Asker: 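Just passing along the structure, written as structure tokens.
Residue numbers start from 1 in every chain, and the chains themselves are labelled A, B, ... in the order their sequence lines are given, proteins ahead of strands. Nothing here was measured: the structure is a model prediction, and the numbers come from that model.
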Amino acid sequence: MADNPAYEMIWQVVGAIPPGSVATYGQVAELAGLPRGARLVGRCLGNLPAGSRLPWHRVINSAGRISLPPESESYREQVKRLQEEGVAVFNGRVKLRQFRWTGD
DNA sequence: CGGGTGACTATAA
DNA sequence: TTTATAGCCACCC
């Protein structure tokens with residue numbers, strides 16, 4: 001687990017994003033109680049252990065784009081998973097960005 | 001303690 | 001629409 005309690009909040013919020021939907025780093029941070037913690041969310045996801053079941057692929061940046069280097073393996077993984085959930089992605093840009101929130 | 005870094009954002013041009 | 005700038009904050013030298 002994390003030493004930083006904020007990480008657990010982030011994990012909880014990210015894990016609550018329903019399939020077929022996406023949220024921005026800033027949105028996740030705010031819901032986690034970290035109004036300016038967008039970068040922390042990015043750091044947190046970057047620290048995720050391989051094999052984590054957290055749906056990190058549902059988190060994108062405020063421009064509605066995937067925030068990973070297009071040539072990276074993680075990028076392809078994210079696009080693949082999103083498309084499998086029915087989220088349209090075109091050249092790194094996510095269409096249908098319905099920030100559905102079931103409210104926890 | 002200081003400086004650099006980055007899966008971020010908002011704003012301006 | 002794109003690029004440039006400036007804030008942001010935990011983490012790592």
Asker: Between A:R76 (side chain) and A:E71 (backbone), is there a donor-acceptor pair under 3.5 Å?
Answerer: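 Yes, A:R76 side chain to A:E71 backbone: donor-acceptor pair under 3.5 Å.
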Asker: Is it the case that the side chain of A:R58 and the backbone of A:I17 share a donor-acceptor pair, with hydrogens and angles ignored and the cut-off at 3.5 Å?
Answerer: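 Indeed, once roles are kept as given, a pair shorter than 3.5 Å links the two residues.
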Asker: Within this structure, what is the OH-to-P distance between A:Y7 and C:dC9, rounded to whole angstrom?
Answerer: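 Result: 14 Å.
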Asker: To the nearest Å, how far apart are A:Y25 OH and C:dG7 P?
Answerer: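 That distance rounds to 24 Å.
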Asker: Check every atom of C:dC9, B:dA7, B:dT9 against the side chain of A:L40 and return the nucleotide holding the closest atom.
Answerer: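 It is C:dC9.
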Asker: Taking only the side-chain heavy atoms of A:W56 (C-beta and beyond), determine which of B:dT9, C:dC9, B:dA7 contains the nearest atom.
Answerer: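 Within the option list, the nearest is B:dA7.
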Asker: Counting only side-chain heavy atoms from C-beta out, which of C:dC11, B:dA7, B:dA10 sits nearest to A:L45?
Answerer: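 Closest nucleotide among those given: B:dA7.
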Asker: Quick one: which of B:dA7, C:dC9, B:dT9 gets closest to the side chain of A:Q78?
Answerer: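 Looking only at heavy atoms from C-beta outward on A:Q78, the closest nucleotide is B:dA7.
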Asker: Expressed in angstrom and rounded to an integer, what is the separation of A:M9 atom CE from C:dC9 atom C1'?
Answerer: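 Taking CE of A:M9 and C1' of C:dC9, I get 18 Å after rounding.
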Asker: With the side chain of A:R39 defined as its heavy atoms from C-beta on, choose the nearest nucleotide among C:dA10, B:dT9, B:dG6.
Answerer: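 When the side chain of A:R39 is considered, B:dG6 is the closest of C:dA10, B:dT9, B:dG6.
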Asker: Calculate the interatomic distance between A:N61 atom CG and B:dA10 atom C1'; express it in whole Å.
Answerer: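 That distance rounds to 13 Å.
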Asker: When you check the gap from the basic side-chain N to the acidic O, do A:E77 and A:R81 get nearer than 4.0 Å?
Answerer: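 So A:E77 pairs with A:R81 through a salt bridge.
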Asker: Answer with yes or no whether the hydrophobic clustering places A:W11 together with A:V13; edges join I, L, V, M, F, W, Y residues whose side-chain heavy atoms lie under 4.5 Å apart.
Answerer: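 Looking at the clustering, A:V13 is in the same group as A:W11.
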Asker: Measuring from the side chain of A:T24 (C-beta onward, heavy atoms only), which nucleotide among B:dT9, B:dT5, C:dC8 has the closest atom?
Answerer: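 Among the listed nucleotides, the one closest to the side chain of A:T24 is B:dT9.
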Asker: Quickly work out the A:L48 CG to B:dA7 C1' distance and round it to whole Å.
Answerer: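 Answer to the nearest Å: 10 Å.
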Asker: Where the side chain of A:N4 is defined as all heavy atoms beyond and including C-beta, which of C:dC11, B:dA7, B:dT9 is the nearest nucleotide?
Answerer: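 The answer is C:dC11.
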Asker: Could you check A:R65 against A:N47 and say which one's nearest nucleotide on DNA chain C is further toward the 5' end?
Answerer: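 It is A:R65, whose closest nucleotide lies nearer the 5' terminus.
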Asker: Using a heavy-atom cut-off of under 4.0 Å over every strand shown, decide if A:G46 touches base, sugar-phosphate, or nothing.
Answerer: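 Base, at least one base atom sits under 4.0 Å.
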Asker: Without decimals, in angstroms, what is the distance between A:I66 CD1 and B:dA7 C1'?
Answerer: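 Whole-Å distance recorded here is 10 Å.
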Asker: May I have the distance from A:I60 (atom CD1) to B:dA7 (atom P), rounded to whole angstrom?
Answerer: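 A:I60 atom CD1 is separated from B:dA7 atom P by 16 Å.
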Asker: What is the separation between atom CZ on A:R36 and atom C1' on B:dT9, rounded to the nearest whole Å?
Answerer: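 After rounding, the reported distance stands at 10 Å.
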Asker: Using the rule that two of Ile, Leu, Val, Met, Phe, Trp, Tyr join whenever any of their side-chain heavy atoms come within less than 4.5 Å, decide whether A:V79 and A:I60 are in one cluster.
Answerer: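 Result: yes, single cluster for both.
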